[in-house]
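Let me begin by presenting the structure, written as structure tokens, before commenting on it.
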Number of protein chains: 2
Amino acid sequence: MMGQPESVQWIGDVDGCLRLLDQTLLPLELRYVACHDVDAVWEAIKNLRVRGAPAIGIAAAYGVCLGLRNADETEPELFDQLQQVTTHLTGSRPTAVNLFWALDRMRAAADRLRGRATSREIRQALLLEAQAIHAEDRATCHAIGRCGTTLLPDPARVLTHCNAGGLATSEYGTALSVIFTAWDQGRRVEVFVDETRPLLQGARLTAWELTQREIPTTLICDSMAAQVMKEGRVDAVITGADRIAANGDAANKIGTYGLAVLARAHGVPFYIAAPTNSFDLSIASGEHIVIEERAAEEITENFGRRTAPVGVHTYNPAFDVTPARLISAIITERGIIQPVNRETIRENVSGQRTISK
Amino acid sequence: MMGQPESVQWIGDVDGCLRLLDQTLLPLELRYVACHDVDAVWEAIKNLRVRGAPAIGIAAAYGVCLGLRNADETEPELFDQLQQVTTHLTGSRPTAVNLFWALDRMRAAADRLRGRATSREIRQALLLEAQAIHAEDRATCHAIGRCGTTLLPDPARVLTHCNAGGLATSEYGTALSVIFTAWDQGRRVEVFVDETRPLLQGARLTAWELTQREIPTTLICDSMAAQVMKEGRVDAVITGADRIAANGDAANKIGTYGLAVLARAHGVPFYIAAPTNSFDLSIASGEHIVIEERAAEEITENFGRRTAPVGVHTYNPAFDVTPARLISAIITERGIIQPVNRETIRENVSGQRTISK
């Protein structure tokens with residue numbers, strides 16, 4: 001981990017609390033927020049204190065534990081409350097499927113004990129399930145890194161967008177795990193980081209993770225990616241994904257789709273790195289993915305200063321969908337999906353549970 | 001003008017001063033700076049208080065007048081000083097050709113009077129030349145608008161980048177002149193404005209010019225343009241240009257090239273609107289255009305707040321070059337150049353003087 005702080009930590013036993021690294025304050029300030037109830041977790045997800053599809057899933061799983069903290073009474077009460085808590089958390093952010101996936105796993109873990117355990121025992125089992133989700137993500141991230149390096153030349157000049165790093169996951173990340181793993185293997189890596197407007201996750205988070213490891217990192221505005229590609233300075237684009245449909249269409253941070261079009265136009269391979277729990281096989285294609293729209297102020301107010309005239313409209317989709325035809329390969333913890341289509345995805349992501357939304 | 005303030009104004013006679021609208025403070029504050037010497041003009045151009053290729057040319061022409069203010073002595077002294085002043089201004093920004101073009105015109109105006117007039121008469125002739133450049137730009141902008149509207153459907157949904165409006169010119173603009181003219185003609189127009197990182201000329205200036213006229217305006221981050229095109233919400237992209245090579249390759253604000261690639265990928269026409277004095281027929285193609293690189297802080301510091309980690313490199317080209325093959329047409333004050341190639345440009349931009357750099 002080379003000293004990088006963890007974005008999500010559970011502190012203590014079943015009556016413990018969730019500690020989140022407040023990602024809205026990075027890189028200026030390294031501050032943690034302690035969440036003692038489910039509302040605090042909901043707020044942290046909604047306001048991007050914790051963000052990144054896998055990290056949102058992990059935080060939500062722990063959020064369920066917090067939401068059931070006072071549910072030691074009777075089993076029906078506990079299941080009632082479980083229903084309320086998961087419904088509440090479901091409403092925090094609509095696009096990343098890992099949120100729904102993690103909540104499903106938590107419900108299933110409780111269901112397995114229905115009628116066979118005390119409320120406290122169920123709560124203890126739920127904490128174990130959240131911790132399992134957390135631990136599995138660690139292993140998944142490292143496996144994605146190992147798989148992904150096989151796609152990179154040496155030296156490799158990689159362009160990435162938003163943050164799909166340790167902060168977005170348990171540790172190490174998805175897209176950044178590929179870079180970190182190549183770097184750890186002693187390979188030469190250089191990274192171009194899109195700053196990623198409006199909230200600058202690239203500048204604030206990805207550049208921070210990379211420079212902490214002393215990996216050569218060049219920060220650019222999103223609008224400069226085309227120029228860097230045109231100059232022949234990019235060997236591969238790698239991003240994460242928040243949800244991947246059964247046909248391979250992938251939702252990720254706004255700007256990813258444009259990057260994929262540009263990569264294709266410049267003959268640069270475009271890769272998505274994501275765990276198999278980011279696949280949503282219940283939807284046929286990307287057009288069914290719900291895209292979150294966020295507040296106008298993210299565009300019109302920049303760090304406290306108004307930078308747009310009053311009266312202007314805004315359009316602020318948080319995500320876009322990259323069609324499978326523009327994705328050269330998807331890197332998962334199980335291997336490389338290439339080419340990307342319904343058949344290769346079905347083969348590689350079999351056993352993935354259906355997600356209820 | 002509907003009350004929009006002028007970006008460049010000369011106040012008084014030959015001993016007067018230059019008044020510039022400080023565009024770095026918009027839209028929050030409408031403040032003018034008075035320039036009483038050439039250094040003040042150089043600083044204003046360098047630091048983007050005045051910006052936009054035509055406005056830079058006009059400001060530089062007036063800057064010559066200010067630089068010769070104390071040159072009433074002898075003719076050799078005046079021509080010495082003229083040489084120093086134009087060389088100094090030439091170094092302010094390297095990409096927009098209008099700067100070099102305007103300085104050339106000023107030198108030529110002085111040369112015509114060499115040995116035939118007093119220093120004060122030459123200075124008076126130079127002020128008249130600067131005022132002629134200024135007045136011609138007004139007429140040019142309106143002519144560009146009239147020509148450009150013929151390319152737009154009704155209703156028209158236009159996407160633009162950076163600011164090619166009244167602020168970037170004497171008034172009315174180039175790309176925005178097309179929109180303003182269509183609007184004045186009672187046509188239905190809707191505009192998507194790229195915010196244009198790093199300095200947000202789209203958000204701060206273009207959105208301000210459009211909303212002042214109550215034209216429906218939607219501000220987006222640069223990374224959202226691809227999504228808006230994908231949604232079928234853009235009928236045309238129109239931008240300005242800072243320099244156009246003999247083959248039609250056009251330098252404009254960073255991000256323009258990527259937009260042109262995206263427009264082509266989505267079947268959206270991509271237009272450049274620029275006066276003929278933005279053409280530089282002395283260079284064969286865009287690869288010879290000098291691209292200004294600006295300070296890292298434009299990317300790492302946002303309105304006083306540091307948003308990137310210490311130790312990160314940056315790449316901050318202020319412009320990029322869009323190859324002619326991606327430009328559907330160039331709109332000039334003389335008409336539409338379509339298709340864009342060496343021959344059509346030679347036919348349409350004949351008589352354009354060669355620029356010395």
Side-chain angles (χ1 to χ4, degrees), chain A residues 26-28 161 192-198 200 203-204 207-208 210-212 214 216-230 253-262 264-266 296 298-300 302-317 320-321, chain B residues 26-28 161 192-198 200 203-204 207-208 210-212 214 216-230 253-262 264-266 296 298-300 302-317 320-321:
Chain A
L26 285 172
L28 282 192
H161 189 71
F192 285 96
V193 177
D194 274 0
E195 63 174 7
T196 316
R197 283 282 290 156
L200 302 179
R204 297 189 301 103
W208 180 71
L210 288 162
T211 52
Q212 284 234 319
E214 300 183 351
T217 303
T218 302
L219 178 64
I220 57 173
C221 297
D222 304 324
S223 60
M224 297 168 187
Q227 177 63 19
V228 176
M229 289 187 206
K230 191 186 182 200
K253 177 57 57 194
I254 187 72
T256 304
Y257 163 64
L259 264 189
V261 173
L262 292 169
R264 174 61 52 94
H266 292 87
E298 289 187 352
I299 300 181
T300 59
N302 285 289
F303 309 101
R305 178 168 160 183
R306 178 93 191 173
T307 48
V310 174
V312 73
H313 303 283
T314 59
Y315 177 47
N316 185 16
D320 57 28
V321 174
Chain B
L26 285 170
L28 280 193
H161 188 71
F192 285 96
V193 178
D194 274 359
E195 62 172 9
T196 316
R197 281 282 292 155
L200 303 179
R204 296 190 300 104
W208 181 71
L210 288 162
T211 52
Q212 285 234 319
E214 300 184 351
T217 303
T218 302
L219 178 64
I220 57 173
C221 297
D222 305 323
S223 60
M224 297 167 187
Q227 178 62 19
V228 176
M229 290 186 206
K230 191 186 182 201
K253 177 57 56 197
I254 187 73
T256 304
Y257 163 64
L259 265 188
V261 173
L262 292 169
R264 174 64 50 94
H266 292 88
E298 289 187 354
I299 301 180
T300 58
N302 286 289
F303 310 101
R305 180 169 161 183
R306 178 93 193 173
T307 48
V310 175
V312 73
H313 303 283
T314 60
Y315 177 48
N316 186 15
D320 56 28
V321 174

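Residue numbering restarts at 1 for every chain, and letters A, B, ... go by the order of the sequence lines.
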message: Which one wins on heavy-atom pair count under 4.5 Å against chain A: Ala203(B), Ala296(B), Ala225(B)?
response: Ala203(B)
query: Out of Val193(B), Val310(B), Leu262(B), which one racks up the most heavy-atom pairs below 4.5 Å with chain A?
result: Leu262(B)
- prompt: Is it the side chain or the backbone of Leu200(B) that comes within 4.5 Å of chain A heavy atoms, both, or neither?
  reply: side chain
- prompt: His313(A) and side chain to side chain contact (heavy atoms under 4.5 Å, CB included): which partner among Thr217(B), Leu219(B), Ile220(B), Thr218(B)?
  reply: Thr218(B)
statement: Heavy atoms of Ala226(B) and Gly258(A) approach each other most closely as CB-CA, 3.5 Å
message: Thr196(B) vs Ser223(A), test: side chain to side chain contact (heavy atoms under 4.5 Å, CB included). Steps then yes/no.
response: CA-CA 8 Å; Thr196(B) 316; Ser223(A) 60; over 6 Å; no
task: With side chain to side chain contact (heavy atoms under 4.5 Å, CB included) as the test, would you mind laying out the steps for Asp320(B) and Lys230(A) before giving the verdict?
output: CA-CA 10 Å; Asp320(B) 56 28; Lys230(A) 191 186 182 200; 5.9 Å; no
message: Report which part of Glu195(B) has an atom under 4.5 Å of a heavy atom belonging to chain A: side chain, backbone, both, or neither.
response: side chain
field: chain B contacts, top residue of Thr211(A), Leu28(A), Leu259(A), Ile254(A) (heavy-atom pairs, under 4.5 Å)
entry: Ile254(A)
query: Which one of Pro198(B), Gly311(B), Pro216(B) has the most heavy-atom pairs closer than 4.5 Å to chain A?
result: Pro198(B)
Check: Met224(B) and Asn316(A) side chains under 4.5 Å, non-hydrogen atoms: yes
- request: With a 4.5 Å cut-off on heavy-atom pairs, point out which of Val261(B), Asp222(B), Ile299(B) contacts chain A the most.
  value: Ile299(B)
field: Proximal component of Arg197(B), with respect to chain A [non-hydrogen, under 4.5 Å]
entry: both
task: Heavy-atom distances under 4.5 Å only: say whether Arg305(A) touches chain B with side chain, backbone, both or neither.
output: side chain
field: chain A contact via Pro309(B) - side chain, backbone, both or neither, heavy atoms under 4.5 Å
entry: both
task: Please flag which part of Ala207(B) lies under 4.5 Å from any non-hydrogen atom of chain A: side chain, backbone, both or neither.
output: both
field: Residue, of Val321(A), Thr307(A), Val312(A), that accumulates the most heavy atom pairs under 4.5 Å with chain B
entry: Thr307(A)
field: Top of His266(A), His161(A), Glu298(A) for chain B proximity - count of heavy-atom pairs under 4.5 angstrom
entry: His266(A)
